[in-house]
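Here the structure is laid out as structure tokens; the discussion comes afterwards.
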Amino acid sequence: MIKLAAQQLSFRYQPTKSLIFDHLDFQVEPGTFSLLTGPSGCGKSTLFKLLAGLYPQYGGQIETGQVVLDGQNVAEILPNQRAKKVAMLFQNPSRQFAMRTVSEQLTFALENIQLPLVKIPQQIEKVLAVFNLDSFKQRKLQTLSGGEQQRVALATVLALDSQIILLDEPFANVDLTGRKQLLHDLKQLQLNYQKTILVADHDLSGYQGIADHLYHLDSKTPQITSRPLTELQQSATSWPVSLHKLNSGDLSWQQLTLVTAKRQLLTGSNFTLPRGQLGLLSGENGVGKSTLLAALSQLHPYQGQISYQQKAAQKFNQQHWNQLVGLVFQNSSDQFVRLSAQDEIKLSQKNSLQPKYWTIKRIIQCLQQLDLAGILDQVCYQLSGGQQKKLQLLSMLIMAQPVLLLDEPFAGLDPQSLKQALQLIRETATQLQLSSLIVSHQRAGVTEKLDYELELAHQQLTLLQGGLNNG
Amino acid sequence: MAKKRGLNASVMTVIMLGIGLPLSFSLSVTLNLVICSLALIYLIYCRVSLKTTLLVLLAALPLAFGSWWSFLIFGTGDQWHSAWIYGSRVYAYLLLGMTVTMNCRVKDLLLSLHLHLKLPATFAYGLLAAFNLLARIRQQYHQIQASAMMRGQVYHLWQPGLYLRIIIIALNWSGDLAAAMTSQGFTEGAKRTISFVDPLPRWQWLLTAGLIISYCWAAFVIQPW
């Protein structure tokens, strides 16, 4: 079996910047399923790109050591030879396809490794069948969901017959159902096709019985340590939200109905978002949680009435409405307006609706709390996934719209960052009396800080009566 | 009605460039009109969408009229002749271009150029990937406006800041995409299997040569009005 290992590896992005890794040793055990965890920004993506031979070609420089694939320096192997041994799946599923359709994409990959012409159609049929994607052959890639796109990417890797598969936060833009499906597929690849699998993920749920090794990458001393698999055990509690007495509020909707091109998502819903409290918007994937948030932000058409202080939303122009209702987008990079992290914060501070609250002192305190103080001079888009999430969150909290809607603000955050982020939302919402509604698939460590839960199911929005708590 | 297969995309590109270039130096209204009519007949033969064709031709009317008008007013010498040359030239260029763009998909064109005219694979697939990203960039434009408004900033169509952001996002995407393509085995300058089928019979090259030579001969030797 093919071995992949980092030997005494030291790496930095720029000569003036500090080392990301300093004499790192790490070996991927052939034929196993390994999970790598670690806090946001500790260098998981960097490590994966090094292991896949994409760095230093796409940035940075190796100071000492090397990554060895099958006895050869991985960076020196030609990509078309390397792809048969090691391949990578990326965080943003939609940005890894050069072609338009599933079949074109698979053909492209197989042409790269010079598979004989007659074998290409057979190979495509074969891998699509493995993932039950037969009906997807002519589908356009951009119309697929995040989970489906990652499965196509996985099918591509299987078609290339890469022995080692590296997956860098592959579920960051994938819903829960997609995640389960993918984990199942990956395990099958390991067991039935003897693949070596290494996944980087913050969320440990679902790996019990699947992962054979658990590793942790520490940000302080960037070394990789092995951890016991017992850490994957999940407690059985379902993390309910205990319902508090709800305040009155400004944003309300009556007879709200949401329809997309494909189907009806919500019918005749009424609710008022309580002021100064945090709510959870839950529901199965694809029921329309993000669409509801988009409609409340006037970014998606709806029927019925949405109003602010009894005044219909239609009477406000978009610009004015956005000063009342803020939306934290699911994809952090959609939120950024400026180039550097510092300018991003400065813009929010300049236009903040609560300038008295958001003093320089308070902002600095929050930056430290979120561990962002050290990255202010960096370009937003070059931050790690977790750092982007935190920066995005803080810049929207500083804006302090009276209604703040958050779409998966904790996705990809390590436990410590999650705790700090939630704490910050809680403080800000209480002190500034903001009405907040959060969509989060992560419930552990979140629900105990929330005041109510709205569940979206069967086109109905229900306030869950999780044991009334007047405290 | 189903589209009819026209000439090979590479051949059409060579014809477009081979006639387009001397067209810039030719001073003949008659020849411009001949090119327009031939191109139109070819488009109709290939059964392209009539509606799109008319819309494109209509959209170019202000440009053609502008050229015609400015040479009529500010031109020297035979103003009427100049006006008609430059007015009809706009349409000759446009219709020549349409014979290529309205008849083949971007993918077929780029891969055909790669196959027959040695366009490097990196260039062909890079451009193709960029074209496939276009739809998402359009989506992104609305997202950018919304996110800016939520931060108290309004972006208008004419503001460079808006385009700067689109460019940054596109650059970012292209970086990710390039890394992914490398990971999928794409190697610059390396041999690849080619599954794209694009027949190019020899008579099409002869036709190309014939068309270009007779155009140049007509334009620079006969020189009709």
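These numbers were taken from a predicted model, which means no experiment stands behind them. Chain A is the first sequence line, chain B the second, and so forth, proteins listed ahead of strands; every chain is numbered from 1. Hydrogens, waters and symmetry mates are skipped; everything else that's a heavy atom, side chains included, is used.
The contact between Phe196(B) and chain A is made entirely by backbone atoms, counting heavy-atom distances below 4.5 Å. If you measure heavy-atom distances from Leu164(B) to chain A, you find no contacts under 4.5 Å at all. Proximity to chain A is absent for every atom of Ile144(B), based on heavy atoms less than 4.5 angstrom apart. In this structure, no portion of Gln349(A) lies under 4.5 Å from any heavy atom of chain B. Both the backbone and the side chain of Ser395(A) come within less than 4.5 Å of a heavy atom of chain B. In this structure, chain A has no heavy atom under 4.5 Å from any part of Ala130(B). For a residue to count as touching a neighbouring chain, one of its non-hydrogen atoms must lie under 4.5 Å from one of that chain's; by this rule Ala52(A) does not touch chain B. Gln318(A) touches chain B through backbone and side chain together, each having a heavy atom under 4.5 Å away. Contact of Glu188(B) with chain A is not made at all, since no heavy-atom distance falls under 4.5 Å. Contact of Phe90(A) with chain B is made through the side chain alone, with heavy-atom distances under 4.5 Å. Of the two parts of Gln319(A), the backbone and the side chain both hold a non-hydrogen atom closer than 4.5 Å to a non-hydrogen atom of chain B.
Per-residue counts of heavy-atom pairs under 4.5 Å with chain A were compared for Ala148(B), Ala180(B), Gly185(B); the largest is that of Gly185(B). No other option in Thr107(A), Leu339(A), Leu327(A) has as many heavy-atom pairs under 4.5 Å with chain B as Leu327(A). For the set Gly126(B), Ala146(B), Gly175(B), Ala178(B), the entry with the most heavy-atom pairs within less than 4.5 Å of chain A is Ala178(B). Of all the listed residues (Arg338(A), Lys140(A), Glu104(A)), the one sharing the greatest number of non-hydrogen pairs under 4.5 Å with chain B is Glu104(A). With chain B as the partner, the residue from Gln96(A), Gln114(A), Gln57(A) showing the most heavy-atom pairs under 4.5 Å is Gln114(A). Note: Ala179(B) leads Ser174(B), Ala129(B), Ala179(B) in heavy-atom pairs under 4.5 Å with chain A. Put simply, of Arg82(A), Lys49(A), Gln401(A), the one with the most heavy-atom pairs under 4.5 Å next to chain B is Gln401(A). Ranked by heavy-atom pairs shorter than 4.5 Å toward chain B, the options Gln323(A), Met99(A), Gln382(A) are led by Met99(A). Considering only heavy-atom pairs separated by less than 4.5 Å from chain A, the leading option among Gly152(B), Ala190(B), Ala121(B) is Gly152(B). The choice from Ser348(A), Ala153(A), Gly326(A) that makes the most heavy-atom pairs within less than 4.5 Å of chain B is Ser348(A).
Heavy-atom neighbours of Phe123(B) CZ from other residues, nucleotides or ligands within 6.0 Å: at or below the threshold of 12. Atom OH of Tyr163(B) has more than 12 neighbouring heavy atoms from other residues, nucleotides or ligands inside a 6.0 Å radius.
By the 30° and 60° cut-offs, the orientation of the rings of Phe108(A) relative to Tyr125(B) is tilted.
A distance-only check finds no donor-acceptor pair linking the side chain of Thr193(B) to the backbone of Leu117(A) [under 3.5 Å]. In this structure, Gln184(B) contributes its side chain and Ala83(A) its backbone to no donor-acceptor pair below 3.5 Å. In this structure a side-chain-to-backbone donor-acceptor pair under 3.5 Å is present from Asn132(B) to Ala98(A). In this structure a side-chain-to-backbone donor-acceptor pair under 3.5 Å is missing from Ser183(B) to Ala87(A). Side chain of Arg151(B) to main chain of Ser352(A): no donor-acceptor pair is present (N/O by atom type, distance under 3.5 Å, no hydrogens or angles).
Ser147(B) is not listed as a side-chain neighbour of Phe336(A), based on a closest heavy-atom distance of 4.5 Å or more. For the pair Arg100(A) and Phe131(B), the minimum side-chain heavy-atom distance is 4.5 Å or more. Between Trp173(B) and Asn92(A), every side-chain heavy-atom pair lies at or beyond the 4.5 Å cut-off.
Looking at Asn322(A), Val337(A), Asn351(A) one by one, the single match for side chain to side chain contact (heavy atoms under 4.5 Å, CB included) with Met150(B) turns out to be Asn322(A).
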- Task: List the steps, then state whether side chain to side chain contact (heavy atoms under 4.5 Å, CB included) holds for Thr182(B) with Tyr58(A).
- Result: CA-CA 10 Å; Thr182(B) 306; Tyr58(A) 286 98; 2.5 Å; yes

- Can you check side chain to side chain contact (heavy atoms under 4.5 Å, CB included) on Phe329(A) and Gln143(B), steps first, answer last? CA-CA 10 Å; Phe329(A) 292 111; Gln143(B) 192 102 46; 3.0 Å; yes

- Dump the intermediate steps for side chain to side chain donor-acceptor pair (under 3.5 Å) on Arg192(B) and Asn112(A), then the final yes or no. CA-CA 5 Å; Arg192(B) 306 175 71 250; Asn112(A) 289 340; 2.9 Å; yes

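With no hydrogens or angles considered, a side-chain donor-acceptor pair links Asp334(A) and Gln140(B) at under 3.5 Å.
Here the CG-CZ distance, from Asn172(B) to Arg95(A), works out to 6.0 Å after rounding to the nearest 0.5 Å. Rounding to the nearest 0.5 angstrom, the gap separating the CD1 atom in Ile77(A) from the OG1 atom in Thr187(B) is 11.5 Å. Once rounded to the nearest 0.5 Å, the distance linking OG of Ser333(A) with CD1 of Ile168(B) reads 11.5 Å.
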